[in-house]
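Since the structure is predicted, the reported quantities are computational estimates derived from the model, not experimental observations. Index from 1, following the sequence.
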Amino acid sequence: MAHPDSDDEALSWAGDDDATLAPGWKRVGTPTPASGERVSDAPSTVAPDAAAGDAATAVDQASDETPDQADRTGQTGSVELVVLGILGGVYLLYAVGWLIVATTPAPELADPVATFMYGLGRWFAVLAPALWFGVTLWLCAERHRARLLWLVAGAILFVPIPFLLRG
């Protein structure tokens with residue numbers, strides 16, 4: 001004979017009511033629905049008695065999203081992951097190029113403050129590509145198009161020109 005709660009039976013194991021189970025494993029309260037709504041449950045933006053022209057206008061207005069809203073998706077696509085990997089490799093090569101430049105002998109400067117500042121700037125140049133890559137990924141996590149644009153801009157900005165011109 002089928003029980004009235006046969007759907008609930010499929011989600012439980014025999015012995016769930018065992019007193020020796022840990023206290024967190026007991027069924028407490030009533031189940032709550034998932035946070036996402038099904039399309040049929042979503043409230044309609046068009047009144048049922050609206051004319052066909054009004055319905056088309058409402059659909060057009062609903063689909064007119066700003067680029068930032070259209071750009072915000074929950075998951076990164078595989079093409080974007082490949083591009084991010086390539087750009088990450090480029091930034092790593094830039095950091096290595098700046099590291100090679102930073103470890104070369106510094107020019108002789110008369111002022112000790114200038115010598116210190118020159119050396120500090122060279123080491124900041126080593127850190128800059130990695131920091132740019134990390135901060136861009138962090139701040140543009142939900143805006144995929146903006147993230148790629150900022151990463152490409154950084155790839156142009158951080159080219160280790162002293163390394164390339166060394167010969």
Side-chain angles (χ1 to χ4, degrees), residues 10-11 13 21-25 28-29 31-46 54-167:
L11 301 174
W13 292 90
L21 289 176
W25 290 97
V28 178
T32 58
S35 61
E37 291 183 283
R38 293 184 307 187
V39 175
S40 61
D41 294 341
S44 175
T45 58
V46 179
D54 292 340
T57 304
V59 169
D60 288 341
Q61 289 173 352
S63 66
D64 290 340
E65 297 177 336
T66 62
D68 282 342
Q69 290 172 345
D71 193 29
R72 294 177 190 224
T73 58
Q75 192 173 13
T76 304
S78 58
V79 173
E80 186 179 357
L81 286 175
V82 170
V83 171
L84 288 175
I86 291 170
L87 286 171
V90 167
Y91 278 91
L92 180 64
L93 288 174
Y94 285 180
V96 169
W98 282 111
L99 180 67
I100 291 170
V101 170
T103 56
T104 58
E108 294 295 325
L109 300 172
D111 187 15
V113 175
T115 305
F116 172 75
M117 295 303 289
Y118 185 80
L120 185 66
R122 290 171 81 173
W123 288 106
F124 278 152
V126 173
L127 294 176
L131 287 175
W132 183 280
F133 188 77
V135 168
T136 302
L137 288 180
W138 176 49
L139 292 178
C140 298
E142 294 179 1
R143 296 181 301 262
H144 302 288
R145 193 175 309 133
R147 175 172 50 192
L148 288 176
L149 287 174
W150 281 110
L151 286 174
V152 169
I156 294 168
L157 178 70
F158 290 115
V159 174
I161 294 174
F163 175 75
L164 297 176
L165 295 179
R166 275 183 18 168

### Query
Where do Y94 and V159 come nearest, in terms of heavy atoms and distance?
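In this case the closest contact between Y94 and V159 is OH-CG2, 3.4 Å.
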### Query
Looking only at heavy atoms, which two atoms of F163 and G97 are closest? And how far apart?
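Closest pair (atom of F163, atom of G97, distance): CB-O, 3.9 Å.
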### Task
Could you pull out all residues at least two apart from F133 that satisfy ring pair (Phe, Tyr, Trp, His ring centres under 6.0 Å)?
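With neighbours one apart ignored, the set is Y91.
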Return the [atom1] to [atom2] distance between [X] and [Y], rounded to the nearest 0.5 Å.
X: L99; Y: L127; atom1: CG; atom2: CG; value: 9.5 Å
X: I86; Y: L151; atom1: CD1; atom2: CG; value: 12.5 Å
X: W150; Y: L87; atom1: CH2; atom2: CG; value: 15.0 Å
X: L137; Y: R147; atom1: CG; atom2: CZ; value: 6.0 Å

Sequence neighbours excluded, which residues qualify as side-chain contact (heavy atoms from CB on, under 4.5 Å) partners of [X]?
X: V135; value: L139
X: L81; value: T76
X: L157; value: W132
X: T115; value: L109

### Message
Could you check whether any side-chain N or O of R122 sits under 3.5 Å from a backbone N or O of T104, counting only pairs where one atom can act as donor and the other as acceptor?
### Response
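Yes: the side chain of R122 pairs with the backbone of T104.
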#### Entry: Enclosure of L120 CG (heavy-atom neighbours >12, cutoff 6.0 Å)
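Check passes, neighbour count above 12.
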### Side chains of M117 and D111 in contact at under 4.5 Å (non-hydrogen atoms)
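Heavy-atom side-chain distance check fails, nothing below 4.5 Å.
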### Any side-chain heavy-atom pair of T103 and W123 under 4.5 Å
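Touching, per the 4.5 Å side-chain cut-off.
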